[in-house]
Amino acid sequence: MDEGGLDSNGKVYASREDMWKEEAGSGIAESPKRKEWYQKGISYWEGVDPTVDGVLGGFGKVSNRDVIDSNAFLTELLKERILPTKVNRKLVALDCGAGVGRITENLLLRHFHEVDLVEPVRHFLDAAKKRLTSDVPENVQHKAVNFFCTPLQEFTPEPHRYDVIWVQWCIGHLTDDDFVAFFRRADIGLKPGGFFVLKENIARHGFVVDKLDSSVTRSDAYFRDLFLRAGFHLLKTKLQKGFPRELFGVRMYALSSVLQETAAPSSASKDARASKGVARLKPRTPKRCN
Ligand SMILES: C[S@@+](CC[C@H](N)C(=O)[O-])C[C@H]1O[C@@H](n2cnc3c(N)ncnc32)[C@H](O)[C@@H]1O
């Protein structure tokens, strides 16, 4: 169902379609409104300090709690889907909209031998490169390797390089069409058995457009519509716990375009089935909900 939504000034949109037409024009790549939508997002982040507190909109204090729940979610998925069959394989992840490398440093490098980062804002990527590559011994087992300075709507990964593609607090910058096109295109970057994790703020209903940073916070139902449109199955989903009450709720989704048996079939498929009927609605940075 195409529910309406709001913007950060309280303006009402009757539908997603109306909102995108107004915010990003016709959606075609050359449309000036679409260019303006993306440029505004980049300009916003170019004015933000390249620090964890900066990329988290002043809520740097939630970073540890965020990483704890992400780690639990990822560890379960790796145990179920990847580790039993890939004992000696080099594990590789991609951190999308990576900011200053917070997730790579605190989460992905704990699990993966190599991590690549894709981030469109140069001073964030430079800060990430500095913190992730300075003073790293040659023989270290887990390292950040490639630093791509590109927005997701223009990024195509190397085929079959990644076990996991992690997309957190950045997909709100993409229009629906670019969201769907990105997931379809980036799917080629996954190895067999690999999966996406999307971790995002969730609006209680419909959507909320942030006029300041040119982004949209979508509802759980909205996300699930886009997963369907892109041809993705939900493997597992969980709500983030322990964040301050004034922030939007945050949900993690594990996604694959292939419905397949896991190496150790277990709770993953059960969770996916169980969660299908229960679209629990709750509210790119952790953000105050309106
Ligand atoms: C809230 S920060 C999150 C950074 C990082 N994911 C984290 O959780 O620490 C949002 C990030 O999205 C990036 N971003 C903005 N527009 C983007 C786009 N079109 N494609 C990819 N990333 C984008 C920003 O530059 C910023 O680094």
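Positions are given from 1, in the same order as the sequence printed here. Both counts, for ligands and for their atoms, begin at 1 and track the order of listing.
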Using a 4.0 Å cut-off to any heavy atom of [X], which atoms of ligand 1 qualify?
X: Val121; result: 25 (O)
X: Val55; result: 1 (C), 2 (S), 9 (O)
X: Phe124; result: 25 (O), 26 (C), 27 (O)

Considering only NZ, NE, NH1 and NH2 on the basic side and carboxylate oxygens on the acidic side, decide whether Arg229 and Asp225 come within less than 4.0 Å.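 Looking at Arg229 and Asp225, the cut-off is not met.
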Side chain, backbone, both or neither: which part of [X] comes within less than 4.0 Å of ligand 1 when only heavy atoms are counted?
X: Trp169; value: both
X: Val52; value: neither
X: Asp66; value: neither

Check: Val164 and Phe195 side chains under 4.5 Å, non-hydrogen atoms: yes
Would you say Ile103 and Ser70 make side-chain contact, with heavy atoms under 4.5 Å? no
Verify, without hydrogens or angle tests, whether Ser15 (side chain) and Gly4 (backbone) share a donor-acceptor contact under 3.5 angstrom. no
So is Leu174 in contact with ligand 1, going by heavy-atom distances below 4.0 Å?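 True for this residue.
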Answer yes or no for Pro120: is there a heavy-atom contact with ligand 1 below 4.0 Å? yes
Polar-atom distance check: [X] versus ligand 1, any N or O pair below 3.5 Å?
X: Arg102; answer: yes
X: Asp95; answer: no
X: Glu119; answer: yes
X: Cys170; answer: no
X: Gln168; answer: yes

Nearest-option assignment for atom 11 (C) of ligand 1, heavy atoms, candidates Gly97, Ala98, Pro50: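 That would be Gly97.
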Tyr13: what forms a side-chain hydrogen bond (donor to acceptor under 3.5 Å, both in side chains) with it, not counting sequence neighbours?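 Listed in chain order: Glu23.
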With Asp66, which residues qualify under side-chain hydrogen bond (donor to acceptor under 3.5 Å, both in side chains), at least two apart?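 Once residues adjacent in sequence are excluded, the partners of Asp66 under the side-chain hydrogen bond (donor to acceptor under 3.5 Å, both in side chains) criterion are Arg102, Gln168, Lys199.
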Check against salt bridge (charged side-chain N to carboxylate O under 4.0 Å, His left out), Asp126 and Lys130: CA-CA 6 Å; Asp126 287 348; Lys130 196 164 168 208; over 6 Å; no
Considering the options Lys90, Lys143, Arg89, which one meets the salt bridge (Lys or Arg N to Asp or Glu O under 4.0 Å) requirement together with Glu114?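 The residue from Lys90, Lys143, Arg89 that satisfies salt bridge (Lys or Arg N to Asp or Glu O under 4.0 Å) with Glu114 turns out to be Lys90.
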Establish, for the pair Arg16 and Tyr222, whether the NZ or CZ atom is under 6.0 angstrom from the six-membered ring centre and no further than 45 degrees off its axis. yes
